Number of protein chains: 2
Amino acid sequence: MNKTFKIAVIEDDENLRFLLTHRLKAEGYDVIETSDGAAAETLINENQPDIVLLDWMLPGKQGSDICNDLRVNGFENMIIMMTAKAQDVDKIEAYNLGVSDYVTKPFNMDVLVAMLDNKVKFLSNSNTGSDIQRFGDMEHHPNTHSLIKNGKKIELTILENRILLYFLKNVNQVINRDDLMMVVWGYNSDVNTRTLDMHIVRLRKKIEDNPDGPKYLQTVRGIGYKFVVD
Amino acid sequence: MNKTFKIAVIEDDENLRFLLTHRLKAEGYDVIETSDGAAAETLINENQPDIVLLDWMLPGKQGSDICNDLRVNGFENMIIMMTAKAQDVDKIEAYNLGVSDYVTKPFNMDVLVAMLDNKVKFLSNSNTGSDIQRFGDMEHHPNTHSLIKNGKKIELTILENRILLYFLKNVNQVINRDDLMMVVWGYNSDVNTRTLDMHIVRLRKKIEDNPDGPKYLQTVRGIGYKFVVD
DNA sequence: TATAATCTTTAAAAACTTATTAAAGCCGAC
DNA sequence: GTCGGCTTTAATAAGTTTTTAAAGATTATA
């Protein structure tokens, strides 16, 4: 999998925001959201999303103001305006404010997704964004399926990589066996529960100094596992 | 002084092409144009415009074909599709073909100009000079389809050249098999996946000292390949 | 402490992915 | 048309990963 892109959804219509958020998450985007125009700027400045989906008519603060403020504050990523009023003069104003694109409501969700996927493709060349995760004395490089331990590179298989990624996303939390299997094999798989153990064993051999007394990948009997860091 | 941007207008409607050309010239763009779908590709490849305004329904060659061909041949600048039929499914297809944006006819010229001015603003930073790429002890000259290794010239076939170019653009990143095939053969090609292996093998024979233990062109099992430099 | 439930480990089979070879197809230059 | 180089495919080999089964270990608790 490629880098995960972050999208901010700024939309006050609960229904639409829900739809957008869920669909985009399902498409593999990292989504942050707010209905509040005033809160939007903080959210965006703090999270630096790759794309902002911005409703143009918000209660409180106007989309145009938000857009302008963001640009003034040096925000350079993509801002896509969502608007119902598609008068030409508005579009020109929006472009002048630094909007990268607009979509007119109501829009087809499939088209929006195709558009975002497309924009992101052009983005991904210029991105250096590493999502290297560090834990203990190790570095996990999910893109290359590898682990650096004491300066030594250890290759991970696809499943090991996927499992470790999930653990690292949910560090210090007890992870339910079923949830984990769900993440690794998806909805209706009929893989044996023992198979998971197998992968855990192999992962432990790769990451633990003493696989018999795991320091990181601990089992929580009756529930699942817990990835302990610090 | 700012750079002058070059726009190619590919449109068979004499009237509209005239309007576009004159207005864009008046706005300070460098405009090249043709009404002929078949001639469009040559025009674009030779002039490398920053933006292509492409009518989607041309006599002779379809806009979709032109777009696909351009992308496959490594054209990376902006392609804006102009279309009267704005069915959702078409938009999705267009995005998949690598269109950067679309405008629906009839469009307001002021809006188009505002849009182009805006796009150009985001463009102005990036531009490369020579396209000779060096890696390891080699030089890749994509224009002449050749490789200099230890002072010796090695000829590359068109596909080898295209593949290597893509690898060198995405050095040290894991490249998905499908993405690579997409780049090499375009959107809906039905080339066998083994065919790619074949080309990889031959490319390795040309660039690697020891093709069996590749130093540069490494495979990432389950995903694709990675071109490793340094 | 015995028993049941759960987890770990091992080894081997099954499934899958990539590499290689050889042959056929395609296309342009002559 | 024929030749030669490039591309594609098919078949097969080689190498890895994933899964399963079965046995062993551990833990909880009756």
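All values derive from a computational prediction rather than experimental measurement. The sequence lines fix the lettering, A, B, ..., with proteins before strands; numbering per chain opens at 1.
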Taking only Lys NZ, Arg NE, NH1 and NH2, and the carboxylate oxygens of Asp or Glu, determine whether [X] and [Y] approach each other closer than 4.0 Å.
X: Lys119(B); Y: Asp101(A); result: yes
X: Lys121(A); Y: Asp179(B); result: no
X: Lys105(B); Y: Asp55(B); result: yes
X: Asp209(B); Y: Arg204(B); result: no

Base, sugar-phosphate or nothing for Asn161(A)? Non-hydrogen atoms, less than 4.0 Å.
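No contact at all - Asn161(A) keeps every heavy atom at 4.0 Å or more from the nucleic acid.
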
With a 4.0 Å cutoff (strictly under), does any side-chain N or O of Trp185(A) reach OP1 or OP2 of dT19(D)?
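For Trp185(A), the contact criterion (side-chain N or O under 4.0 Å from OP1 or OP2 of dT19(D)) is met.
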
Start at the 5' end of DNA chain C and walk down; is the nucleotide closest to Arg177(A) or to Ile200(B) reached first?
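Residue closer to the 5' terminus by nearest nucleotide: Arg177(A).
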
Hey, which sits more toward the 5' end of DNA chain C by its nearest nucleotide, Lys205(A) or Ile223(A)?
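Upstream on the strand: Ile223(A).
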
Can you tell me how far [atom2] of [N] sits from [atom1] of [X], to the nearest Å?
X: Leu196(A); N: dT9(C); atom1: CG; atom2: P; result: 13 Å
X: Arg202(A); N: dT9(C); atom1: CZ; atom2: C1'; result: 11 Å
X: Asn192(A); N: dT20(D); atom1: CG; atom2: P; result: 5 Å
X: Met198(B); N: dG25(C); atom1: CE; atom2: C1'; result: 15 Å
X: Tyr225(B); N: dT18(C); atom1: OH; atom2: C1'; result: 6 Å
X: Leu159(A); N: dT17(C); atom1: CG; atom2: P; result: 11 Å

Of Glu155(B) and Thr193(B), the one whose closest DNA chain D nucleotide lies more 5':
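Its nucleotide being nearer the 5' end, the pick is Glu155(B).
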
Does the dT6(C) base have a donor-acceptor partner in the side chain of Arg221(A) within less than 3.5 Å?
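A donor-acceptor contact between them is present.
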
From the set dC7(C), dT8(D), dT18(D), return the single nucleotide nearest to any side-chain atom of His199(A).
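It is dT18(D).
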
When you get a sec, tell me which of dC7(C), dA19(C), dT9(D) is the closest nucleotide to the side chain of Thr195(B)?
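Nearest to the side chain of Thr195(B) among the choices is dT9(D).
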
